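Handing you a structure now.
Lettering follows sequence order; numbering is per chain, from 1. Because the structure is a prediction, the values reported are computed rather than measured.
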There are 2 protein chains.
Amino acid sequence: MTEIKKTSTIQFNKQTVFKLCPITYVMEKIGSYWKPIILFHLLSGSRRYGELKKAMPHITEKMLIQHLKQLEADGLVLRKALPIIPPNVTYSLTKSGEGLRTVLYEMANWAIQNDQKEDEPLFKNLKDFPKLK
Amino acid sequence: MTEIKKTSTIQFNKQTVFKLCPITYVMEKIGSYWKPIILFHLLSGSRRYGELKKAMPHITEKMLIQHLKQLEADGLVLRKALPIIPPNVTYSLTKSGEGLRTVLYEMANWAIQNDQKEDEPLFKNLKDFPKLK
DNA sequence: TTGGATACCTACTTTGGGGTGTGTACTTGT
DNA sequence: ACAAGTACACACCCCAAAGTAGGTATCCAA
């Protein structure tokens, strides 16, 4: 995995920054292009690694595991591996990750509202928003 | 301003991707480290360029205008410049940008819930979440 | 005339996020 | 004996995003 440099200017005095803006805290956890999308696909329940890959055809394997590992390290995602061959690994949301459901829901909600204004809307409504179980 | 390459693999067949995952649509609009943070600071009302700079001490000027310009181009932010010297430019949320309030609110909410678990919580509650006017 | 105030612009450089491609471990099926 | 299936690991490379550092325009006040 690619290491993260701790000395960049962005990392400077993070504590104080967080106090001023809780959003900064969120961005440190899920602030990348892929993470929210991965989390979105886990909202409907646990998924195998291969299932996630199929659900996101345009993500590279490297990005997928890399972000899964980080989400796991950040306590948002749980990895369960069965000791069998061929391997069987499933990923699911932790309680903390599950807490992001409303965030993602509101994002989807905004996307739909915002998209209606354009010529050819892509989504219709929120009926298809993933429900757990 | 830095140009955006339209031919990257990520851009490939975006239409179909959006249909599968509305979150992808959102990430294209506000999916960067700084954008949600900038939007957060505009939730309480219009702000001058210099005010935003002060509110985000660790952002570079380049990043600030660059993202402001893109947010403006994406119709999330409105720029109002008075023709005086020294210049007076204020930024505010458009209706579309204002629609992100709930998203940002839920983010802050999650940050607070999530943060309570740690040793030294940074935020207390949502009373300080910016209200318009 | 010099400097401050404001909101930028524009080179140049760096960095790390992301892409490509290959390899691996172990078992089951043919 | 070999390929297929699964979930990765690793090395190499590229480029866009972010950082650094300087400059600009215009007016006014000292």
Interatomic distance where CD belongs to A:E61 and P belongs to C:dG17 [whole Å]: 20 Å
Euclidean distance, atom CE of residue A:M63 to atom C1' of D:dC13 [Å, nearest integer]: 13 Å
Atom-to-atom span, CE of B:M27 to P of D:dA17 - whole angstrom: 14 Å
N or O in side chain of A:T60 less than 4.0 angstrom from C:dG18 OP1/OP2: no
Atom-to-atom span, CD of A:Q66 to C1' of D:dA7 - whole angstrom: 16 Å
Closest listed nucleotide, where the reference is the side chain of B:P86 and the choices are C:dT20, D:dG19, C:dT6: C:dT6
Test of ring centre spacing under 6.0 Å for B:H41 and B:W34: no
Any B:H67 side-chain N or O less than 4.0 Å from OP1/OP2 of D:dA18: yes
Side-chain N,O (B:Y91) to OP1/OP2 (C:dC8) below 4.0 Å: yes
Spacing of CG belonging to A:N114 relative to CG belonging to B:L76, to within rounding of 0.5 Å: 7.0 Å
Any A:R79 side-chain N or O less than 4.0 Å from OP1/OP2 of D:dC8: yes
Residue met sooner reading DNA chain C from 5', once B:T90 and A:I85 are mapped to nucleotides: B:T90
Closest listed nucleotide, where the reference is the side chain of B:I65 and the choices are C:dA5, D:dG5, C:dC8: C:dC8
Among D:dG19, D:dA7, C:dC8, the one nearest B:Y49 by side-chain distance: C:dC8
Nucleotide nearest A:K69 when distance is taken to its side chain, options C:dT10, D:dA9, C:dC8: D:dA9
Minimum-distance nucleotide to A:V89 side chain [options: C:dA7, D:dA7, D:dC12]: D:dA7
Side chain to side chain contact (heavy atoms under 4.5 Å, CB included) involving A:P130 - partner list, sequence neighbours excluded: A:F40, A:L43, A:S44
With B:E98 via side-chain hydrogen bond (donor to acceptor under 3.5 Å, both in side chains) - residues at least two apart: B:R101
Euclidean distance, atom CD1 of residue A:I37 to atom C1' of C:dG18 [Å, nearest integer]: 14 Å
Distance test, side-chain N/O of A:R48 to OP1/OP2 of D:dA7, below 4.0 Å: yes
Integer-rounded Å distance: D:dT6 P and A:I84 CD1: 11 Å
Ring geometry between B:Y105 and B:F129 (parallel below 30°, tilted from 30 to 60°, perpendicular above 60°): perpendicular
Rounded distance in Å - CD (A:E28) to C1' (C:dG17): 15 Å
Proximal nucleotide (of C:dC9, C:dC12, C:dG18) relative to the A:Y33 side chain: C:dG18
Separation of D:dG23 P from B:K62 NZ (nearest whole Å): 18 Å
